[in-house]
Structure formats: C-alpha cells, structure tokens
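First the structure, in the form of structure tokens, and then the observations on it.
Side chains are part of it too, since the values below use all heavy atoms of this structure and drop only hydrogens, waters and symmetry mates. In what follows, chains are A, B, ... by sequence order, proteins preceding strands, each numbered from 1.
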Number of protein chains: 2
Amino acid sequence: MAQQVDTVRERILAEATRLFGSHGYAGTSIQAIADAAGITKPTLVYHFGSKDGLRRAVIDAVMDHWRNQVPKLMVAASAGGPRLDALLAAFFDFFRQDPDRARLLLREVLDRPQEFTDRLRHGLQPLTGLLTHAIVVGQQQGLLQPNVDPEAFTVLVISAALGIVAVGQHTGALVSPEPDVAAQQAELIRLARTALLMPSPSPSPGPSSPPPPPMPEEP
Amino acid sequence: MAQQVDTVRERILAEATRLFGSHGYAGTSIQAIADAAGITKPTLVYHFGSKDGLRRAVIDAVMDHWRNQVPKLMVAASAGGPRLDALLAAFFDFFRQDPDRARLLLREVLDRPQEFTDRLRHGLQPLTGLLTHAIVVGQQQGLLQPNVDPEAFTVLVISAALGIVAVGQHTGALVSPEPDVAAQQAELIRLARTALLMPSPSPSPGPSSPPPPPMPEEP
DNA sequence: CCTACCGATCGGTAGG
DNA sequence: CCTACCGATCGGTAGG
C-alpha cells in the first residue's frame, strides 16, 4: 500500500481544501496556498499545472473521498435493518468531520453551477438515485407516506444537511446567541422522519426509545 | 417622495448585487461593476469610498428591502387567518423574484461568518423571534406538535428556503435532468406542515382542498 | 463625474 | 523543487 500522508501533493491538496472552503476560490491566491503548504508558488504550479487545475484536483479528491466512504457508511448504518435515523445521523457525523468539504461544495454550486450540474451529477446520481428509488419502493409497500415527492425530498434533505454542516453554526445565530448545530441536525432528522414515514398507528409510544420503522431495502 | 430609479448610485448598487451574487465579492472587480453601470472606476469609488464600502452598502440595501417587505408580506399572507402554507408560499414567491439577493446572503455567511453573526442577527432577530414565539404559543395551545424545537425548526426552514431559491435549480440536477424548483418548494412546505402541525384527527380528508389548521396569532 | 496614474499583487513562465 | 522574473489586473489616489 502507498504511504499514508505528507507527500507534497497531499499537503497542497489539504491546504487548498481548507482555504478554498473558507475564503473561496477567487479569494485564495496560490501564493497563500503555497505558503500554507511550506513550498513556493512555482512548485505548486508544477504539481497541478494551474490554479484551475488545482481546483479541479481538490474537487476530484473530495468526490473520491465521498464515493469511497458513503457506501461503507450506508452498510454500517443499515446493520440490523436500515433505519432512517441511523442513516441520516451517520451522514451527519461523517460530513461534520470536516465542514471544509461541505463549504467547498456549496461554493462550487454558487460559483460554477454549470460545471456542478455537468460534473457532480454523474458522480452523485448513483447515490441519490438509490435513495429516491428506496422511497418509491417504500411507498409501494405502504411503509412511506404516498404524498412524498421522492426526488424533491431527497435533494431537500441532502441540501439541508449540507447547509447545516457548512454554515449551521452561523445561521443558528439568527435564533440563538449560542447556536446549537446538533439541535438543527436532530430537528432535520425529525422533520425527515415525520414527513416520510407513515404515521405510527400505535396510540401509546414506548417510554424509552420508540422503535423507528425500517427503511425499505433496495432490491 | 424621491424619484424611483436610475440615479447612478442605484445603478451601481443593482449591478453590484447581481455581480456579487453570481461571482462573489472576491470574484468581482470594481472595474467590472463600473463597466456594467456605465461609469468609470473612480466614479464608483467616489460614491462608496471603497470596494468594501460598496459591499456594505449592498448588504444594507438588501436588508432594508427585506425589513420593509416582510411585514407587509406577513400581513397579506395572514389575511383571513394566518395559514402556514400561505405564509411560506408568500416568502418563496418574494425571494424567488431575485435569487441574487439569496445568493448574496449565502455568500456572506460563507465569506464573513463573524460579521454575519454580529450584523444580521440584530436585523433578523425580530422576525425569527416572532416565528419561534408563535411556535411556542401554538405548542401551549396544543395546536402544534410538542416535540418541535422552535429555534432549530425556524432556522432550518428559513435556511432551506433560502438554499432552494439560491441554488435549488442546480442542486436539483442531482436527482433530475430537468430540476423542478417549484417541487422542492412544495416539498419543503409539506415537510414543514407535517412536522409542525398536530396530526389531523379527521380520518377522511376532503376531496378538493383540506383546510390547513391556522398558525397561532402573535399576542 | 472623468483622465491619468500608482504600488501591490495576481497567475504563470524561464531556466536550472 | 527553487530563484528570478513577466505582463496583466487589482483597489485606490491625484487633480481637476
């Protein structure tokens, strides 16, 4: 196996992810990235060809990271029957590990919507398609509410989750001097549950942890 | 009354809003704004002191616009009993008139979170405080679900609405080749309704338009 | 509200 | 992977 870290290339990518995420592409000079990575500017250009080449490499790395991790994550969260709560919570915990990646993606949508559409659609369609299909199946089985719009629901929940991770701490300041990102996360999960699952027919919920109905398995 | 439009200052503000919204602050030169407004660069600087002065003036204008319009909007949407649906739909229609303002605000949160926290909190607290308070009252009256987190719910729905307006067309591309922003809007309203209001006790919904329960009036 | 101009920084190259 | 350097553009000023 290749060694884990700290090649020059990887250091550049790490610093670029952090700086592009917090200050944006146009707001970050390659000089600043080179300084942060402890190299000179021409060295950076040597490795990535141009500033735009570095940007594309950063996005590729983020996409690869997600494409590698998300399936593992879904399997882990689905152990013992896939639960909507566990799946969403696992997603959150995963993204919250580095909000820089979330901010980076949000910025790309704002800065280059056309490229985002063309590029990330192919990369994420398999994932989102799986989710929307699972909703359709669940509806056919009578487990999920029939008036859910599968595609709109999927993009809404993913976007909201990404937004919470990227800027939830700051948007939370709109309602509280001490914003609670975890509360936003919990509330989104509650919203998603309540608006997706059929109303539980049990008139009296259990005292400790009411068992959430399972998500349908994909065929 | 002052005349409606087309002073040089207003043209600069309009073009800056559009360009900052689509390319970001760092990604927009004052030269580009001056060109779009049909003036020279020193003229722009004469009017706003500096690029940062222009940025602050643009944000002030957006905030003023919202502060002026939102109360009218709430009154209009509340005519004949405030309904959650009507209120949310009115908000959407309002913001969708110019997504540039939504993108601008989203970018400010990303670029200058500290300033956003310090500055916009005071400007929007009255509005959000009103909403959270209305939720608390509704819960006490038994009209709203007791497990709603009023603050988290408010910031979540506002953020999601803003996100849909700003980039919904592009994030929608993740699930569909022809993104439907209206469907995302409708789904968010459904999510908010379903997760906020008490489950309707009527076992058979009316055929045409089931009357939505009213939002509680503020005291 | 404009012409003319400035120092600083930008992304990138030559050459080793 | 670095030193030395380039033309272009940046935000901003002088002066009228």
Side-chain angles (χ1 to χ4, degrees), chain A residues 2-62 104 107-108 110-112 114-115, chain B residues 2-62 100 104 107-108 110-112 114-115 119:
Chain A
Q3 66 182 26
Q4 191 184 355
V5 281
D6 222 37
T7 72
V8 170
R9 195 171 195 279
E10 283 163 351
R11 251 184 311 159
I12 298 174
L13 281 175
E15 295 299 332
T17 302
R18 187 176 61 80
L19 290 169
F20 285 160
S22 44
H23 308 302
Y25 176 77
T28 305
S29 65
I30 56 177
Q31 182 68 261
I33 297 169
D35 289 348
I39 54 164
T40 61
K41 202 170 56 170
T43 300
L44 188 153
V45 176
Y46 162 77
H47 277 285
F48 295 94
S50 67
K51 188 186 182 184
D52 193 70
L54 172 58
R55 180 184 66 80
R56 281 183 272 109
V58 166
I59 298 174
D60 283 342
V62 170
L104 197 77
R107 286 184 184 278
E108 281 299 310
L110 284 165
D111 288 345
R112 274 162 288 274
Q114 187 56 59
E115 178 178 332
Chain B
Q3 66 182 27
Q4 192 184 357
V5 283
D6 223 38
T7 72
V8 170
R9 196 171 195 278
E10 283 163 350
R11 249 184 315 161
I12 298 174
L13 281 174
E15 294 300 331
T17 303
R18 186 176 61 82
L19 290 168
F20 285 160
S22 44
H23 307 303
Y25 176 77
T28 306
S29 66
I30 54 176
Q31 182 69 260
I33 297 168
D35 289 348
I39 54 164
T40 61
K41 202 171 54 170
T43 299
L44 188 154
V45 176
Y46 162 77
H47 276 286
F48 295 96
S50 69
K51 187 186 184 184
D52 193 69
L54 172 59
R55 181 184 63 80
R56 281 183 271 109
V58 166
I59 298 172
D60 283 342
V62 171
D100 282 328
L104 197 77
R107 286 185 185 277
E108 281 298 309
L110 284 165
D111 289 346
R112 275 163 288 273
Q114 186 57 58
E115 178 178 332
R119 194 129 171 279

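Atom CZ in B:Arg55 sits roughly 15 Å away from atom C1' in D:dG11 (whole-Å rounding). In this entry the distance linking OH of B:Tyr46 with C1' of C:dT3 reads 17 Å, nearest Å. When the C1' atom of C:dA8 is taken as reference, atom CD1 of B:Ile30 falls 14 Å away, rounded to whole Å. With rounding to whole Å, A:Gln31 atom CD is found 14 Å from D:dC5 atom C1'. Atoms CG (A:Leu44) and P (C:dT13) sit 13 Å apart, rounded to a whole Å. In this structure, A:Phe20 atom CZ and C:dG11 atom C1' are separated by 12 Å, rounded to whole Å.
The phosphate of D:dC2 has OP1 or OP2 within less than 4.0 Å of a side-chain N or O from A:Thr40. Within the structure, a side-chain polar atom (N or O) of B:Thr43 is placed less than 4.0 Å from OP1 or OP2 of C:dC2. Here B:Ser29 reaches the OP1 or OP2 of D:dC10: one of its side-chain N or O atoms lies under 4.0 Å away.
In this structure, of C:dA14, D:dC1, D:dG12, it is D:dG12 that holds the atom nearest to the side chain of B:Lys51.
Distance CG/B:Leu110 to NE2/A:His23: 12.0 Å, rounded to 0.5 Å.
In summary, of the residues considered (B:Thr7, B:Val8, B:Ile39), a side chain to side chain contact (heavy atoms under 4.5 Å, CB included) with B:His47 occurs for B:Val8 alone.
No salt bridge links B:Asp60 with B:Arg56; every basic N to acidic carboxylate O contact stays at or beyond 4.0 Å.
Evaluation of atom-type donor-acceptor distances gives a pair under 3.5 Å for the side chain of B:Lys41 against the base of D:dG11.
Although no hydrogens or angles enter the test, the distance criterion places no donor-acceptor pair under 3.5 Å between the side chain of A:Tyr25 and the main chain of A:Glu108.
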